[in-house]
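One structure is given below, encoded as structure tokens.
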Amino acid sequence: MSENPNLAGGYSGSNPNNPPTFAAPNSGYTQAPYGAPAYGGQPNQFSQPPAIGLRSRLVAGLLGIFLGGLGIHRFYLGYTSIGIIQIVVSIFTLGLGSLWGFIEGIMILARANSFQHDANGRPLAD
């Protein structure tokens, strides 16, 4: 009966193609040594890329509805110049221009074609 050296604890790395791993006795858990990739260097082909940097459609829509007069939803999506214009319009119309942002917030939540992407061209996350 052969015993798995990874489960027995200690060093197991006689194969040059397989990096050495270390394990606690009878733990069933192997850990890569410091500096080596924990997953053996091969990424999972079925994993989805992380959604880092994607803007939320729900957050943008709610910002448009509640703070649309200040253009906060436009700043959130990366359209700073339009956000500044919305602030100026709201100031000069004594708040009546905030209706513009309110309508845009509803359009974002309704998935209008003009609000499918942020300023960098990335799609809005649901």
Side-chain angles (χ1 to χ4, degrees):
M1 179 167 140
S2 68
E3 187 175 325
N4 186 348
N6 286 340
L7 298 178
Y11 177 76
S12 66
S14 60
N15 184 353
N17 295 330
N18 189 12
T21 56
F22 300 91
N26 299 325
S27 68
Y29 173 77
T30 47
Q31 180 180 359
Y34 180 75
Y39 51 85
Q42 299 297 323
N44 183 355
Q45 65 181 359
F46 300 108
S47 66
Q48 294 290 331
I52 297 173
L54 293 181
R55 301 294 182 192
S56 170
R57 180 181 317 278
L58 179 64
V59 171
L62 292 176
L63 286 173
I65 289 172
F66 294 112
L67 300 172
L70 301 175
I72 302 298
H73 63 292
R74 289 296 194 153
F75 289 111
Y76 177 73
L77 293 176
Y79 298 103
T80 54
S81 58
I82 297 176
I84 293 170
I85 291 170
Q86 284 184 323
I87 292 172
V88 171
V89 167
S90 293
I91 290 172
F92 282 127
T93 61
L94 302 175
L96 192 59
S98 62
L99 186 62
W100 177 17
F102 178 78
I103 292 171
E104 283 186 343
I106 293 172
M107 290 174 65
I108 292 170
L109 292 176
R111 300 173 187 258
N113 287 336
S114 58
F115 292 104
Q116 293 294 320
H117 299 88
D118 65 0
N120 296 322
R122 294 178 292 204
L124 296 180
D126 288 328

Tell me whether Leu54 is reachable from Tyr79 by hopping between hydrophobic residues (I, L, V, M, F, W, Y) whose side-chain heavy atoms are closer than 4.5 Å. no
Is Leu96 linked to Ile91 within one hydrophobic cluster, defined over Ile, Leu, Val, Met, Phe, Trp and Tyr using a side-chain heavy-atom separation of less than 4.5 Å? no
Where do Arg55 and Tyr76 come nearest, in terms of heavy atoms and distance? NE-O, 3.3 Å
With rounding to the nearest 0.5 angstrom, report the CZ to CD distance, Arg57 to Gln116. 5.0 Å
Applying side chain to side chain donor-acceptor pair (under 3.5 Å) as the test, list every pair that has at least one member in residues 83-111; sequence neighbours left out. His73-Glu104, Arg74-Glu104, Gln86-Glu104, Trp100-Glu104, Arg111-Asp126
Backbone N or O of Asn120 within a donor-acceptor pair of the Asp118 side chain at under 3.5 Å? yes
How many angstroms lie between atom CG of Leu58 and atom CG of Leu109, to the nearest 0.5 angstrom? 6.5 Å
Can I get a per-line list of side-chain donor-acceptor pairs under 3.5 Å for residues 59-66, giving both atom names and the distance, sequence neighbours left out?
none

Leu67 vs Phe75 side-chain heavy atoms within contact, under 4.5 Å: no
I need the Thr80 OG1 to Ile85 CD1 distance, nearest 0.5 Å. 9.5 Å
Heavy-atom closest pair (Met107 atom, Ser114 atom, distance to 0.1 Å) is CE-OG, 3.9 Å
